[in-house]
K.L.:
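Structure in structure tokens, see below.
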Amino acid sequence: MTIEFEHIDEIDSTNDELKRRAAAGRCREFLVLSAGTQTGGRGRSGHTWSSPPGSSISTSMILYPRDVESEYIPRITPLAAVAVAETIEDLYGLPVGIKWPNDVLISEKKVCGILNEMILDDDGRPDHVVVGIGVNVHIREFDPEIADIATSLDLEMEAAGRTEPTHCGRIIGDIWYHFAKHYEDFLRTKDLKSVLSYYNERLVNRGRMVRVLDPLGPFEGEALFADEAGALHVKTEDGERIIDSGEVSVRGIYGYV
Ligand code: BTN
């Protein structure tokens with residue numbers, strides 16, 4: 001797979017720009033678009049995502065997984081979380097956690113969010129997928145609503161007593177290099193086998209009580225592990241329940257995690 005990188009100073013959203021280019025039929029697979037800032041960055045569940053100029057990474061890659069059933073596409077997102085975790089650990093040696101399904105944390109605070117969007121063709125099969133990754137790098141202050149649950153690489157480097165500078169370009173390159181390896185495995189297996197032990201070792205929800213906001217009714221239980229399909233196993237009073245990331249969100253009972 002050949003990855004092509006393009007950087008622009010400002011855009012509404014790197015995910016939206018890749019989707020526009022794909023809709024216009026002019027987007028090569030594995031194009032990575034990164035922006036210095038986004039004016040309309042989007043997060044999961046309709047949230048906005050802030051990308052202050054020169055302080056964070058906003059980067060997206062376009063994929064054309066035409067042989068993959070649409071129900072398997074959400075499995076691509078944890079691959080990206082693993083790629084970000086590997087990059088931070090390899091480059092800076094900071095210990096990284098993953099909050100199911102795909103938030104990347106340091107010191108139990110969110111340093112990276114991932115938005116995976118699938119566009120179907122007229123037959124209801126995946127046409128293209130845009131994987132968007134936002135990493136807080138040089139941000140030192142967060143909006144009050146997220147100040148308790150967000151962090152940045154620079155803040156965490158400082159807390160660890162480290163003085164070397166972080167470098168957005170290097171981080172972006174390494175993230176997509178790691179992601180490409182895992183995506184190739186995924187195309188063969190259609191599951192998360194190749195990253196599962198790494199993912200579960202860093203899964204911060206493990207062994208903790210969580211509240212599952214299931215549309216059929218919320219429930220609580222102890223998070224156990226994620227399986228090869230990316231589903232979270234939760235031990236409840238009535239037995240084990242298996243949670244699919246597309247349908248629900250999971251909150252810690254005693255805090256963010
Ligand atoms: C989340 O809510 O945790 C997901 C955040 C995803 C943000 C990234 S930044 C690059 C890409 N472009 C967007 O508009 N969103 C994603």
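Remember, it's 1-based here, ligands and their atoms both numbered in the order they're listed. The structure presented is a predicted model; accordingly, all values stated were derived computationally and were not measured.
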K.L.:
Are more than 12 heavy atoms, taken from residues, nucleotides or ligands other than His7, located less than 6.0 Å from that residue's NE2 atom?
P.N.:
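Count over threshold, so yes.
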K.L.:
Are any of the N/O atoms on Ser51, whether in the backbone or the side chain, positioned under 3.5 angstrom from an N/O atom of ligand 1?
P.N.:
no
K.L.:
Between Glu17, Gln38, Arg42, His47, which one has a non-hydrogen atom sitting closest to atom 9 (S) of ligand 1?
P.N.:
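Selected option, by shortest heavy-atom distance: Gln38.
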K.L.:
Indicate yes or no: at least one non-hydrogen side-chain atom of Ile243 is less than 4.5 angstrom from one of Trp100.
P.N.:
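Yes, side chains in contact.
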K.L.:
Would a distance-only check, ignoring hydrogens and angles, find a side-chain to backbone donor-acceptor pair under 3.5 Å from Asp214 to Leu216?
P.N.:
yes
K.L.:
With respect to Lys110, determine whether any N or O atom, backbone or side chain, lies less than 3.5 Å from an N or O atom of ligand 1.
P.N.:
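Between Lys110 and ligand 1, an N or O pair is found under 3.5 Å apart.
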K.L.:
Between Thr59 and ligand 1, which part of the residue brings a heavy atom under 4.0 Å of the ligand: side chain, backbone, both or neither?
P.N.:
backbone
K.L.:
Is the Lys NZ or Arg CZ of Arg75 less than 6.0 Å from the centre of Phe186's six-membered ring, within 45° of the axis?
P.N.:
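Ring-cation test returns no.
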K.L.:
Looking only at protein heavy atoms, identify the closest one to atom 10 (C) of ligand 1 and say how far it is in Å.
P.N.:
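Ranking protein heavy atoms by distance from atom 10 (C) of ligand 1, first comes Thr14 OG1, 3.2 Å.
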K.L.:
Based purely on interatomic distance, does Trp49 place a nitrogen or oxygen under 3.5 Å from a nitrogen or oxygen of ligand 1?
P.N.:
no
K.L.:
Please could you name the atoms of ligand 1 that Gly41 approaches to less than 4.0 Å, counting only its heavy atoms?
P.N.:
14 (O)
K.L.:
Could you tell me which atoms of ligand 1, counted from 1 in the order shown, lie closer than 4.0 angstrom to a heavy atom of Gly43?
P.N.:
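Answer, ordered by atom number: 1 (C), 2 (O), 4 (C), 5 (C).
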K.L.:
Compute whether any side-chain donor of one residue and acceptor of the other, for Glu10 and Thr39, lie under 3.5 angstrom apart.
P.N.:
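Their side chains do not contain a donor-acceptor pair, so the 3.5 Å distance test is not met.
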K.L.:
Starting from atom 2 (O) of ligand 1, locate the nearest protein heavy atom and write down its residue, its atom name and how far away it is, to 0.1 Å.
P.N.:
Arg44 N, 2.7 Å
K.L.:
May I ask you to identify the nearest protein heavy atom to atom 8 (C) of ligand 1, giving residue, atom name and distance to one decimal place in Å?
P.N.:
Gly134 N, 3.6 Å
K.L.:
Given side chains that start at C-beta, do those of Phe30 and Glu4 come closer than 4.5 Å, heavy atoms only?
P.N.:
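SC-SC contact between Phe30 and Glu4 ruled out.
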K.L.:
Report yes or no: do Asp154 and Ser152 form a side-chain donor-acceptor pair below 3.5 Å?
P.N.:
no
